[in-house]
There are 2 protein chains.
Amino acid sequence: MNKTFKTLAEPNRFQIVELLRNGPLSVGEVADRIGLRQPQTSKHLRALMDAGLVEVDPIANRRIYKLRLEPFQELDIWLESYRHIWKERLDSLDDYLQDLQRKDNHHHDEDKE
Amino acid sequence: MNKTFKTLAEPNRFQIVELLRNGPLSVGEVADRIGLRQPQTSKHLRALMDAGLVEVDPIANRRIYKLRLEPFQELDIWLESYRHIWKERLDSLDDYLQDLQRKDNHHHDEDKE
DNA sequence: ATTAAATATTCCTTGACAAGAATATTCTTT
DNA sequence: AAAGAATATTCTTGTCAAGGAATATTTAAT
């Protein structure tokens, strides 16, 4: 998981991932569209491989890279726990506000007396 | 967004974020639980602030840090687009499989003739 | 079998950044 | 006002990773 963050933290690699969202591409194509030299592109793709973010499909001379599902699922699961937290916080904020309102009503009552 | 990744890529900072999931904490408390010295803890919290991942609530002598919602929402929105992609891929895989099946049936028909 | 295209790897240099140590700042308490 | 917590900042040093340049490797084509 941490490896995922570290790998995506590099701007070019993030861009590559965004690019591969549209479908598999060869090294040369990635290099062209990102505007990187071939060796650095290969290196970044290697890093993405090591992190399990992409997989490769060798076709003849070319190596076609494409995204892998799992790391994104992991991210999603991780985020899920945060979603719960916000929900809980909102709920208790809600309770709090209702509580305030009750107290406020009491005050009004007292004012009247 | 990229700043979020870069910031969370540092293991101690990631741990701090996970810790703050349970609620706001002072610098000293974070330092204790993560096992970091106070200055490094302050530095990491500063980095988290700069990335907008946390906010601070000064209470007397202490500074209470807590998570901010927005960056996680951003991550969520970003991930959303990936969820769509997998869905589409699965759909077309589904189409493909159905297509295969149709062709297969034809073959069976041909065998019979 | 040679040559050419596509990709990977190695070596080097440089920049970013995290920890350590020391010090500065802010707020409280007396 | 002085002293003491809690926290922030500065400076230095060491490590790691990214880009550049050159080269190696793999596969295709002739």
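In what follows, chains are A, B, ... by sequence order, proteins preceding strands, each numbered from 1. Note that the coordinates shown come from a computational prediction; the quantities given were computed from them, not determined experimentally. The basis for the numbers below is simple: all heavy atoms, side chains too, and nothing from hydrogens, waters or symmetry mates.
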For DNA chain D, the residues among residues 14-27 of chain B that have a non-hydrogen atom under 4.0 Å from it
B:Ser26, B:Val27
What pairs with B:Asp76 under side-chain contact (heavy atoms from CB on, under 4.5 Å), at least two apart in sequence or on another chain?
A:Leu79, A:Arg83, B:Arg83
Which pairs count as ring pair (Phe, Tyr, Trp, His ring centres under 6.0 Å) when at least one residue sits in residues 1-25 of chain B, sequence neighbours excluded?
A:Phe5-B:Phe5, A:Phe5-B:Phe14, A:Phe14-B:Phe5, A:Trp78-B:Phe14, B:Phe5-B:Trp78
Between B:Met1 and B:Glu74, what is the shortest heavy-atom contact and its length?
CG-OE2, 3.6 Å
Side chains of B:Tyr82 and A:Glu18: any donor to acceptor distance under 3.5 Å?
yes
Partner set under side-chain contact (heavy atoms from CB on, under 4.5 Å) for A:Pro11, not counting sequence neighbours
B:Asn2
Partners passing side-chain contact (heavy atoms from CB on, under 4.5 Å) against A:Met49 (at least two apart in sequence or in another chain):
A:Val54, A:Val56, A:Tyr65
N or O in side chain of B:Arg63 less than 4.0 angstrom from D:dA8 OP1/OP2
yes
Can you check nucleotides 12-15 of chain C for protein contacts, nitrogen or oxygen pairs under 3.5 Å, and list what you find?
none

Not counting sequence neighbours, which residues clear side-chain hydrogen bond (donor to acceptor under 3.5 Å, both in side chains) with A:Asp99? List them please.
A:Arg102
Global bending angle along the helix from C:dA1-D:dT30 to C:dT30-D:dA1, which compares the axes of five pairs at either end, to 10 degrees
20°
What residues form a side-chain contact (heavy atoms from CB on, under 4.5 Å) with A:Ala47, not counting sequence neighbours?
A:Arg13
Generate the contact string for nucleotides 17-30 of chain D. Rules: B means base contact, S means sugar-phosphate contact only, - means no protein heavy atom under 4.0 Å.
SSBBBB----BS--
Are more than 12 heavy atoms from other residues, nucleotides or ligands located less than 6.0 Å from atom CZ of B:Arg46?
no
Atom CG of B:Leu75 and atom CG of A:Leu75: how far apart are they, to the nearest 0.5 Å?
7.5 Å
Ignoring backbone atoms, test whether A:Tyr65 places a side-chain nitrogen or oxygen under 4.0 Å from the OP1 or OP2 oxygen of C:dA8.
yes
In this structure, how many angstroms lie between the C1' atom of C:dA16 and the CZ atom of B:Phe5, rounded?
20 Å
Between B:Leu45 (CG) and D:dT9 (C1'), how many Å, whole number?
14 Å
Only pairs under 3.5 Å count here: list side-chain donor-acceptor contacts from residues 29-37 of chain A, not counting sequence neighbours, and write none if there are none.
{"residue": "A:Glu29", "atom": "OE1", "partner": "A:Ser26", "partner atom": "N", "Å": "2.8"}
{"residue": "A:Glu29", "atom": "OE1", "partner": "A:Ser26", "partner atom": "OG", "Å": "3.2"}

B:Asp57 CG to C:dC27 C1', straight-line distance once rounded to whole Å:
15 Å
Over how many whole Å does the gap from B:Leu8 atom CG to C:dA18 atom P extend?
12 Å
Interatomic distance where CD belongs to B:Glu29 and C1' belongs to D:dA5 [whole Å]
14 Å
Joining Ile, Leu, Val, Met, Phe, Trp and Tyr whenever any side-chain heavy atoms lie under 4.5 Å apart, the cluster holding A:Ile64 also takes in A:Ile59
With B:Leu25, the side chain to side chain contact (heavy atoms under 4.5 Å, CB included) member among B:Leu45, B:Leu19, B:Ile16:
B:Leu19
